[in-house]
Amino acid sequence: MTSSVLAALQKRFNYDSRSAVILLAPVLIVLAAVTIYPIFYSFYTSLFDINLTRPHRRPFVGFGNYLQLFDDARFWVAVSRTTVYTVVTVTATAVLALGVALFLNEAFRGRRFLAAMLLVPWATPSIVNGLMWKWIYDPTYGSLNGLLTQLGLIDSYQIWLGDPSKTIYLIAQAAVWKQMPLAAILLLVTMKSIPEDLYRAAKVDGANVFQRFFHITLPALKPGFMLVFVYETMISIRHFDLFAIMTQGGPGDASFTISWQIYIETFRSLKFGTGSALAFILALATFLLSYLFIRMLGQRGADR
Amino acid sequence: MRSSPFSRLSRRGLLKGTAATGALGAIGSLPFGMAFGQSGQPLNFAAWAAAVDQVRAHLTAFEGETGVTVNYEQSPPANFRQTLVTKFVGGAPLDVLWVNDAWLPEFAEAGWIVPIDEYPNLMAYNAEVDQYCTESMTYNGRQYGLVYYADFMAFLYNADILEQAGIAAPPTTWDEVVEQSLIIKEKGLAEYPLLLSLEADAWLIEFVSTLVFAFGGRFVDAEGNAVVQDPEGGAVAAMKWVQAAIHDHKIVSPGAVSTQEIACLKAFGAGQHAFGVIPRYRIRPLNNPAESQVPGKVRMALMPKGGTGEHNTCGWVRFYGMTPEAKADPAKAENVVKFIEWFGGRSNGEYTFQKMLMLDIGVPFCTTPLDSDPDIIAFYNEYLGGTETVSRQGALAIKKDTVTPWFGEWNEINNQAWQKGFLRQVSAEDAMAETGREWDRLKRSY
């Protein structure tokens with residue numbers, strides 16, 4: 001039986017195809033079990049009204065959970081907060097990373113040490129990062145208030161995370177502090193691959209430093225920026241840990257993002273149907289944004 | 001065109017593999033499932049990580065006395081409800097557990113815990129506990145447990161600061177709280193004299209219920225319909241008072257909305273505030289020289305009253321519950337009843353565990369005979385300056401009126417609405433209207 005199956009396979013596929021299948025099969029099985037199956041099961045779950053505290057009922061509602069979410073004002077608040085947070089975080093990370101990469105691209109004493117030190121925030125666990133910034137921003141004993149008071153910049157201690165007009169930006173700042181180093185290294189690596197001849201030729205043609213930056217460095221950095229934008233967008237749009245540690249989605253709804261709403265719906269309200277629908281919407285948004293970045297930056301890079 | 005080699009393999013191979021794995025899993029789990037159904041097995045006790053040393057000590061005594069072994073599993077308090085629900089849904093072995101009174105209706109409706117009122121030896125303890133405690137463990141006329149501990153929100157004050165401010169007696173109304181706070185603030189004794197912990201964590205419902213009750217209000221009426229949005233009601237009055245305290249009088253820090261209860265405790269213990277609304281059991285660490293910078297200075301007054309209120313506060317209970325799986329097995333049920341009585345009632349004729357919790361870590365009880373226990377009286381004298389106030393406040397405690405099967409779901413919106421109100425992002429009326437609307441919507445859907 002086994003030999004006949006093997007013979008049939010040998011007849012149908014050549015050696016290379018068989019080898020590829022055999023070598024890739026373990027990974028495909030693992031991927032299917034831990035990624036593909038959960039994705040489909042999550043979508044399936046999103047079509048039911050599942051509340052774990054009401055285990056005796058599980059009505060099929062089709063796209064009812066999605067329609068209910070689109071009709072919920074809190075969902076649109078979450079979309080708005082997530083958008084602001086993602087735009088601020090990705091933009092600030094990219095701009096700062098570019099500056100740091102340009103700086104580290106110059107030859108100076110201690111550059112390697114500085115580049116290594118730069119990665120410390122990135123290597124810091126997210127929980128530690130969140131707690132650290134929460135303490136720094138604390139209105140009663142936070143070091144930020146202490147520092148600003150000693151510098152004479154403020155007369156009395158300020159409210160930071162508790163002020164809803166500042167909350168989302170302060171959390172974004174904590175995220176940028178952690179994420180920027182990796183982005184800087186990615187851009188630096190891309191920068192190193194730009195041929196030196198281009199700069200020499202530009203100099204010969206009389207291009208100044210700004211012209212060389214805008215006409216050589218920036219266009220050549222497109223692949224690096226594509227990586228940074230895709231990676232940072234995927235991270236930021238799904239960010240959860242900082243919100244959980246620093247504000248719990250508050251005060252009020254000041255940091256009520258989609259990922260926080262997913263947590264609330266799924267793990268506090270125990271409504272797995274709505275939670276799955278939200279997770280699916282977020283996954284779809286992440287995929288679309290990443291695809292757009294790849295199309296925009298990748299295409300232009302290829303055309304160049 | 002040749003079809004991809006992956007398509008055939010993935011369909012057949014995956015299906016076969018999945019079936020084989022499922023069969024192995026089912027076979028593998030069989031002996032465990034049978035074992036847990038047998039009598040004479042260890043009891044599985046789930047609790048949040050609190051009073052661990054005391055529980056362990058009393059557990060050892062229980063095992064020695066009865067010969068019953070107990071698997072004591074602790075989980076982080078913040079995630080305990082989720083942990084329990086996943087255990088229930090997943091069919092994990094569980095016999096006896098700590099239950100928060102807020103979860104009682106949803107757990108009872110889901111059939112995850114069962115009434116214990118069929119056991120006369122347990123019900124006999126009702127004669128020796130405060131009434132609100134028994135009420136907090138009762139749902140649809142059935143009682144679901146015996147008390148682990150019970151407490152209420154207390155109005156604490158720093159006697160030292162009041163003395164320095166020349167204030168003879170603590171405030172009795174919320175208007176007096178403002179007056180005295182302004183004096184204290186003016187004299188530079190505290191920037192924000194009143195401490196409130198208003199972060200949207202697990203405690204917020206107890207804080208806001210206390211304020212609502214103290215202003216003579218309720219969240220719902222006797223029929224369970226929302227009245228929290230009544231513009232003339234206690235909830236709106238309480239919200240307006242807090243808004244004024246934060247934004248107009250500036251006697252409460254605006255940072256209160258991002259301050260957890262534990263951070264408040266530290267701030268009060270550091271002597272930064274004159275008044276605080278804090279769970280009563282915190283009185284011990286606040287007056288303990290090893291944990292506080294103001295030992296012996298923290299005292300308790302009756303909750304100030306406002307509007308039509310009468311010094312009411314919010315009381316709560318945590319209790320021992322039994323699962324239907326335990327009840328279904330007579331031998332196991334007998335052991336669970338023994339366990340519940342040992343911890344929630346008397347052990348060897350004494351309220352040993354309740355007394356131990358109080359004297360060791362200040363966690364209060366519902367048990368009335370202990371009120372006259374010399375050791376307990378000495379404890380109150382040391383940490384509260386007497387027993388009178390605590391007894392009077394206990395009698396004025398009211399259980400949360402929002403405890404329903406939809407409590408958890410509603411409370412997420414409720415917390416957000418209160419916070420937006422505190423920040424004056426919305427008016428008091430609009431904030432309470434939002435929470436009332438959500439209540440009515442959920443009531444209809446359940």
Report all side-chain donor-acceptor pairs from residues 67-79 of chain A shorter than 3.5 Å, counting only partners two or more places apart or in another chain.
{"residue": "A:D72", "atom": "OD1", "partner": "A:R74", "partner atom": "N", "Å": "2.9"}
{"residue": "A:R74", "atom": "NH2", "partner": "A:E265", "partner atom": "OE2", "Å": "3.4"}
{"residue": "A:W76", "atom": "NE1", "partner": "A:F70", "partner atom": "O", "Å": "2.7"}

Which atoms of A:N51 approach chain B - backbone, side chain, both or neither, heavy atom under 4.5 Å: side chain

Beyond-backbone contact of B:W112 with B:V89, side-chain heavy atoms, under 4.5 angstrom: yes

Toward chain B, the part of A:I264 with a non-hydrogen atom under 4.5 Å: side chain

Gap separating the CD atom of A:Q261 from the CZ atom of A:F243, nearest 0.5 angstrom: 13.0 Å

Max heavy-atom pair count under 4.5 Å with chain B, selected residue of A:P139, A:G249, A:P164: A:P164

B:E199 side chain vs B:V257 backbone, donor-acceptor pair below 3.5 Å: no

Polar side-chain atom of B:N411 near backbone of B:N414 as donor-acceptor pair, under 3.5 Å: no

A:F280-A:Y66 aromatic ring centre distance below 6.0 Å: no

Exam field: side chain A:T82 to backbone A:I258, donor-acceptor pair closer than 3.5 Å: yes

From CA spacing to verdict: side-chain hydrogen bond (donor to acceptor under 3.5 Å, both in side chains), A:Y85, A:H239: CA-CA 9 Å; A:Y85 175 78; A:H239 228 147; 2.7 Å; yes

Interchain contact, B:N79 with chain A, by part (heavy-atom threshold 4.5 Å): side chain

Flag, side chain of A:H56 to backbone of B:A110, donor-acceptor distance under 3.5 Å: yes

Heavy-atom pair of closest approach, residues B:G271 and B:I161: O-CD1, 3.8 Å

Any residue of residues 416-434 of chain B which, by heavy atoms, sits under 4.5 Å from chain A: B:Q416, B:Q419, B:K420, B:L423, B:Q425

Region of A:Y157 that comes under 4.5 Å of a non-hydrogen atom in chain B: neither

Any donor-acceptor pair under 3.5 Å from B:S258 side chain to B:G255 backbone: yes

A:K166 atom NZ, neighbour heavy-atom count above 12 within 6.0 Å: yes

Top contributor to chain B contacts, counting heavy-atom pairs under 4.5 Å, from A:A254, A:S269, A:G252: A:G252

Residues of residues 98-108 of chain B near chain A, each having a heavy atom less than 4.5 Å away: B:E106

Test of ring centre spacing under 6.0 Å for A:F43 and A:F40: no

B:S197 side-chain N/O to B:E261 backbone N/O, donor-acceptor pair under 3.5 Å: yes

Heavy-atom contacts under 4.5 Å, residues 435-446 of chain B to chain A: B:S445, B:Y446

B:K185 charged N/C atom sitting above B:Y192 aromatic ring, 6.0 Å / 45°: yes

Side chain, backbone, both or neither of B:A267 within contact of chain A (heavy atoms, under 4.5 Å): neither

A:S276 backbone acceptor or donor facing A:S46 side chain under 3.5 Å: no

